[in-house]
> 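Handing you a structure now.
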Amino acid sequence: MTEDGVAMTVKHFPGGGARENGFDPHYKMGQWNIYQTEGSLEKYHLPAFKAAVALNASSIMPYYAKPSPKSALQRDADGRAIEMQPYGFAYNRPFIDDLLRTRMGFRGYINSDTGIVHNMAWGVDMLDIPERIAFAVNAGVDLISGLFDNSAGLEAYERGRNGYYDVHRIPEGFRKEDLVLTDEAIDRAVGRTLAEMFALGMFDNPFRSPEEAERIVADPLDWDMAMDAHRKSVVLLKNDGTVPLTPDKLAGKRVYAECFAKDREKAKAATASLRSALSESVLLTDDYEAADFAILMLAPSSGAYFSATPGYLELDLCDGKMVPDVDDEGRPSGTVHAETTLADVGRIGKIAEAVRANGGKVIASINITLAWEVGAVEPFADCLVAGFDTYASAVLDVISGRFAPTGKLPITLPRGDEVIAVDKHGVCISPNDVPGYEKDKHMPDSLKDENGKAYAYRDSNGNYYELGFGLH
C-alpha cells in the first residue's frame with residue numbers, strides 16, 4: 001500500500017459457496033456452511049484466499065455463517081485436520097486465528113462483516129453484546145464492522161477488571177478469558193488497523209483534495225478501460241449467424257426491443273432506455289408481430305437480503321411458479337407458494353413465434369447475477385448472450401459487431417430443477433460444497449447423458465453452459 005493506493009478487503013472467508021441449499025446467512029436458515037465432501041474446503045474454497053494472502057490483501061472479512069455438523073473431515077494444505085467449532089466464522093478461532101493467520105500466513109487485519117453482534121450472531125446467541133464483542137476479538141477479529149457502540153466494548157473491558165464474573169454466571173461452554181477484553185487484545189487490534197492508516201498516509205492527514213479526486217475519477221483513460229472490461233465480460237452463448245447485426249443486415253428491417261425483469265415497472269423503464277439507445281441506429285417497431293428482429297434484455301432477480309424466502313432460492317426463469325415452502329430445518333414442508341424471477345417470461349415464446357414467422361431472428365441477453373436455469377428462454381433465442389450487471393451499451397456493442405465477443409462463463413448454469421432438487425430430509429442431490437464444474441463427479445448416473453454430463457445446461461446446439469464456455 002502507498003498513499004496513492006487503495007486498501008483491499010477480501011471477503012467472505014472461508015468462502016460462501018458451501019451454503020446449505022443456497023440459503024443466505026443474513027437469516028436463520030442460512031447460518032450453516034456445510035462441507036459434506038471430504039477435502040472440499042481446501043480444494044474449492046480456500047485457493048482464492050491463499051492468492052489474496054500472497055498478494056498482501058490489507059484485510060479479510062469472515063462471513064456470518066458457521067460450519068455445519070454435517071460436514072465431512074476437512075484438512076489444510078499440510079494435511080492437518082481443521083476443527084469445526086459451531087460458531088460464526090468471525091467468532092471462530094480455529095478458522096480465523098489458526099487457519100487464516102497462523103497456517104496461511106495472513107498479515108493484515110480481520111474485518112468482521114456488519115451485524116455480527118446484534119443480528120447475525122450465529123452460534124453465539126447465548127452471549128450478551130459485550131461478550132460477543134470480546135469473543136470475536138479474542139478469536140482474531142480486529143475490527144467489528146458497523147459497530148458504533150463504544151459502551152458495549154468498554155463493558156467487555158471492565159468485566160475483566162471489576163469482578164463481574166464473580167457474581168454472574170459464565171455461559172456454559174465458554175471461559176472467562178474468552179469473554180472479556182484485555183489491554184493485549186485491544187493493542188493487537190488497534191496496531192493492525194492503524195498499520196493500514198499509516199501506509200495510506202491517512203493517520204497524519206486523513207483529508208484528500210476534492211479537486212484532485214474529481215480529476216482522477218474523471219480520467220477518460222480509466223473510463224475507456226472500464227468500458228473495455230464491460231465489453232470483454234459479455235459471453236456469447238449461442239449464435240446461428242444472427243449476430244453481428246451489421247448495418248447491411250438491418251437495412252430496411254424492423255426491430256422490436258423490450259426489457260424483462262422481476263419488477264414490471266423496472267422493466268418498463270429499462271425498455272424505454274433500451275429503445276432510446278437503439279433509436280438512432282435501427283428502425284424500431286412497437287409491434288413484435290411486424291418485427292424482423294427482436295432484441296430482448298432479461299434481468300431476473302431472486303431472493304432478498306435480511307429476509308428469508310418462503311422456500312429455496314429460485315433459479316428458474318419463471319413467473320408465478322408454484323414451489324415448495326420449507327420448515328425451520330430447511331426441509332420441504334409440504335405446502336407451496338408462488339415465485340417469480342422474471343415477470344411475463346411466457347411472452348418471450350410468443351414474441352419468438354411471431355418474429356420467426358416473419359423469417360426473423362431473436363437476440364436475447366441474460367443478466368447473470370445467479371446461476372440461472374435458462375431453459376425457459378434459450379430455445380426461443382437464435383442468439384443468446386450473457387452479461388454480469390454489464391452496461392447495456394457494452395452488450396449492444398457485441399450484438400452489433402462493434403466488439404468481437406471474447407468472454408467466458410465464470411460459473412456453470414444448471415440444467416434444471418432436477419439437478420438441484422432437495423429431498424424430504426433437506427439434502428440436495430448435488431453436494432452444496434462442490435462447484436458446478438465438478439458436480440458431475442457426484443451426480444447419479446441416471447441423470448447423465450451420453451457424454452457423462454448431468455449438471456450443466458445443454459442448449460439446442462449441443463453446447464454445455466459450463467465454466468469457461470463462450471463462443472467467438
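Computed from a prediction, not measured in an experiment: that's the story for all the values here.
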> Begin with the C-alpha distance, continue with both residues' side-chain angles, and end with the deciding distance and a verdict on side chain to side chain contact (heavy atoms under 4.5 Å, CB included) for Asn21 and Asn432.
CA-CA 6 Å; Asn21 295 331; Asn432 295 161; 3.4 Å; yes
> Quick one: are Asp417 and Lys321 in side-chain contact, heavy atoms under 4.5 Å?
yes
> Please give me the minimum heavy-atom distance between Ala454 and Val419, naming the atom from each residue.
O-CG1, 3.4 Å
> Between Asp98 and Arg80, is there a salt bridge with N-O shorter than 4.0 Å?
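Looking at Asp98 together with Arg80, the answer is no, because their closest N to O distance does not fall below 4.0 Å.
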> Show the nearest heavy-atom pair for residues His337 and Pro324, with the distance to one decimal.
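Reported closest heavy-atom pair: CE1-O, 3.5 Å.
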> Can you confirm whether Leu467 sits close enough to Leu409 that some side-chain heavy atom of one is under 4.5 Å from a side-chain heavy atom of the other?
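Heavy-atom side-chain distance check fails, nothing below 4.5 Å.
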> With distance as the sole test, does Trp372 use its side chain to make a donor-acceptor pair with the main-chain N or O of Asn367 at under 3.5 Å?
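Pair found, side chain donor or acceptor close to backbone of Asn367.
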> Of all the heavy-atom pairs spanning Asp440 and Tyr455, show the shortest one and how long it is.
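Taking Asp440 first and Tyr455 second, the nearest heavy atoms are OD1-N, 2.8 Å.
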> Mind checking whether Pro62 and Tyr91 have side chains closer than 4.5 Å, heavy atoms only?
no
> May I ask you to decide if Val137's main-chain N or O and Arg188's side chain share a donor-acceptor pair within less than 3.5 Å?
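Indeed, once roles are kept as given, a pair shorter than 3.5 Å links the two residues.
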> Give a yes or no on this: more than 12 heavy atoms of other residues, nucleotides or ligands lie within 6.0 Å of atom CD of Glu212.
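Buried by this count: over 12 neighbours within 6.0 Å.
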> So does Lys28 have more than 12 non-hydrogen atoms from other groups sitting under 6.0 Å from NZ?
no
> Without swapping roles, check the side chain of Asp263 against the backbone of Lys266 for a donor-acceptor pair under 3.5 Å.
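Side chain of Asp263 to backbone of Lys266, a donor-acceptor pair under 3.5 Å: yes, one is there.
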> Please lay out, stage by stage, how His26 and Asp24 fare under the test side-chain hydrogen bond (donor to acceptor under 3.5 Å, both in side chains).
CA-CA 5 Å; His26 283 92; Asp24 190 314; 2.7 Å; yes
> How many angstroms lie between atom CZ of Arg75 and atom CD of Glu38, to the nearest 0.5 angstrom?
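Reported value, rounded in 0.5 Å steps: 7.0 Å.
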> Do the side chains of Asp78 and Arg103 get close enough for a salt bridge, i.e. N-O under 4.0 angstrom?
no
> Here's a test for you: under ring-ring contact (aromatic ring centres under 6.0 Å, His included), which of Phe95, Trp122, Phe174 qualifies with Tyr87?
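So, applying the ring-ring contact (aromatic ring centres under 6.0 Å, His included) to Tyr87 and each of Phe95, Trp122, Phe174, only Phe174 qualifies.
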> Side-chain contact, heavy-atom cut-off 4.5 Å: Glu42 with Gln74?
no
> Which class fits the ring pair Tyr437 and Tyr44: parallel under 30°, tilted 30 to 60°, perpendicular over 60°?
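Tyr437 vs Tyr44 ring planes: perpendicular.
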> Could you check whether the rings of Tyr391 and His230 sit parallel, tilted or perpendicular, using 30° and 60° as the cut-offs?
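Correct class here is parallel.
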> For the side chain of Asn138 and the backbone of Ala134, is there at least one donor-acceptor N/O pair under 3.5 Å apart?
yes
> Charged N to carboxylate O below 4.0 Å: is that the case for Glu329 and Arg331?
no
> More than 12 heavy atoms of other residues, nucleotides or ligands under 6.0 Å from CG of Asp328: is that the case?
no
> Kindly indicate, with the supporting measurements, whether the criterion side-chain hydrogen bond (donor to acceptor under 3.5 Å, both in side chains) is fulfilled by Thr182 and Glu184.
CA-CA 5 Å; Thr182 63; Glu184 180 184 10; 4.8 Å; no
> Check for me whether the distance between the ring centres of Phe89 and Tyr63 falls short of 6.0 Å.
no
> Which is it for Asp319 and Arg264 under the salt bridge (charged side-chain N to carboxylate O under 4.0 Å, His left out) test, yes or no, and what are the steps along the way?
CA-CA 11 Å; Asp319 185 359; Arg264 288 180 173 84; 3.5 Å; yes
> Could you verify whether a donor N or O on one side chain and an acceptor N or O on the other, from Thr335 and Asp325, lie under 3.5 Å apart?
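The criterion, which ignores hydrogens and geometry beyond distance, is satisfied for Asp325 and Thr335.
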> To the nearest 0.5 angstrom, please state how far the OG atom of Ser71 sits from the NZ atom of Lys66.
12.0 Å
> Under 3.5 Å, side chain of Asp433 to main-chain N/O of Gln36, donor-acceptor pair present?
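Indeed, once roles are kept as given, a pair shorter than 3.5 Å links the two residues.
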> State, with a plain yes or no, whether a side-chain heavy atom of Phe13 is found less than 4.5 Å away from one of Leu46.
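Counting from C-beta outward, Phe13 and Leu46 do come under 4.5 Å.
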> If you draw a 6.0 Å radius around CZ in Arg161, do more than 12 non-hydrogen atoms from other residues or ligands fall strictly inside?
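Open.
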> Please check if atom CE in Met126 has more than 12 non-hydrogen atoms from other residues, nucleotides or ligands closer than 6.0 Å.
yes
> Any non-hydrogen side-chain atom of Ile366 less than 4.5 Å from a side-chain atom of Leu317?
yes
> Taking the ring centre of each residue, are His45 and Tyr35 less than 6.0 Å apart?
yes
> Please check this pair: side chain of Ser302 against backbone of Glu314, looking for a donor-acceptor N/O pair closer than 3.5 Å.
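Between the backbone of Glu314 and the side chain of Ser302 there is a qualifying donor-acceptor contact (under 3.5 Å).
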> Given 3.5 Å as the limit, does a donor-acceptor pair link the side chain of Ser365 with the main chain of Met297, or not?
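No: the side chain of Ser365 does not pair with the backbone of Met297.
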> Which heavy-atom pair separates Glu339 from Pro310 by the least distance, and what is that distance?
OE2-CD, 4.1 Å
> Just verifying a value: how many Å separate Ile82 CD1 and Leu41 CG, rounded to the nearest 0.5 Å?
4.5 Å
> Output yes when a side-chain donor or acceptor of Ser59 lies under 3.5 Å from a complementary backbone atom of Gly108, and no otherwise.
no
> Does the side chain to side chain contact (heavy atoms under 4.5 Å, CB included) test come out yes or no for Phe23 and Val326, once each step is laid out?
CA-CA 11 Å; Phe23 289 121; Val326 297; 4.0 Å; yes
> Check whether any side-chain heavy atom of Thr114 lies under 4.5 Å from a side-chain heavy atom of Asn119, and answer yes or no.
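Thr114 does not reach Asn119 side chain to side chain.
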> Show your working on side chain to side chain contact (heavy atoms under 4.5 Å, CB included) between Leu100 and Ile110 and close with a plain yes or no.
CA-CA 10 Å; Leu100 179 57; Ile110 304 296; 3.5 Å; yes
> Quick one: is the NZ or CZ of Arg192 closer than 6.0 Å to the six-membered ring centre of Tyr109, and within 45° of its axis?
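Arg192 over Tyr109 ring: no.
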> Between Ile216 and Asp222, what is the shortest heavy-atom contact and its length?
O-OD2, 3.7 Å
> Compare every heavy atom of Ala136 with every heavy atom of Ile144, then report the nearest pair and how far apart it is.
CD1-CB, 4.4 Å
> Starting at CD1 of Ile96, measure out to CD1 of Ile60 and round the result to the nearest 0.5 Å.
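Nearest 0.5 Å value for the CD1-CD1 distance: 8.5 Å.
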> Measure the CD1-OH distance between Ile170 and Tyr165 for me, rounded to the nearest 0.5 Å.
7.0 Å
> Students often mix this up, so state it plainly: with edges at 30° and 60°, are the rings of His168 and Tyr164 parallel, tilted or perpendicular?
parallel
> Can you tell me how far the NZ atom of Lys268 sits from the CD atom of Glu258, to the nearest 0.5 Å?
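With rounding to 0.5 Å, NZ (Lys268) is 11.0 Å from CD (Glu258).
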> Evaluate the side chain to side chain contact (heavy atoms under 4.5 Å, CB included) criterion for residues Met202 and Arg208: first the C-alpha distance (whole Å), next the side-chain angles of each, then the deciding distance (0.1 Å), finally the verdict.
CA-CA 9 Å; Met202 296 176 63; Arg208 290 295 183 264; 3.8 Å; yes
> Is there a salt bridge (charged side-chain N to carboxylate O under 4.0 Å, His left out) between Arg159 and Glu155 once you walk through the steps?
CA-CA 6 Å; Arg159 286 181 182 181; Glu155 173 66 18; 2.8 Å; yes
> Does a side-chain heavy-atom distance below 4.5 Å link Leu298 with Val345?
no
> Looking at Arg101 and Phe106, would you say the former's side chain and the latter's main chain have a donor-acceptor pair under 3.5 Å?
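Checking the backbone N and O of Phe106 against the side chain of Arg101, a donor-acceptor pair under 3.5 Å is found.
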> Check for a donor-acceptor pair, side chain of Asn111 on one end and backbone N or O of Met61 on the other, with a separation under 3.5 Å.
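Side chain of Asn111 to backbone of Met61: no pair is present.
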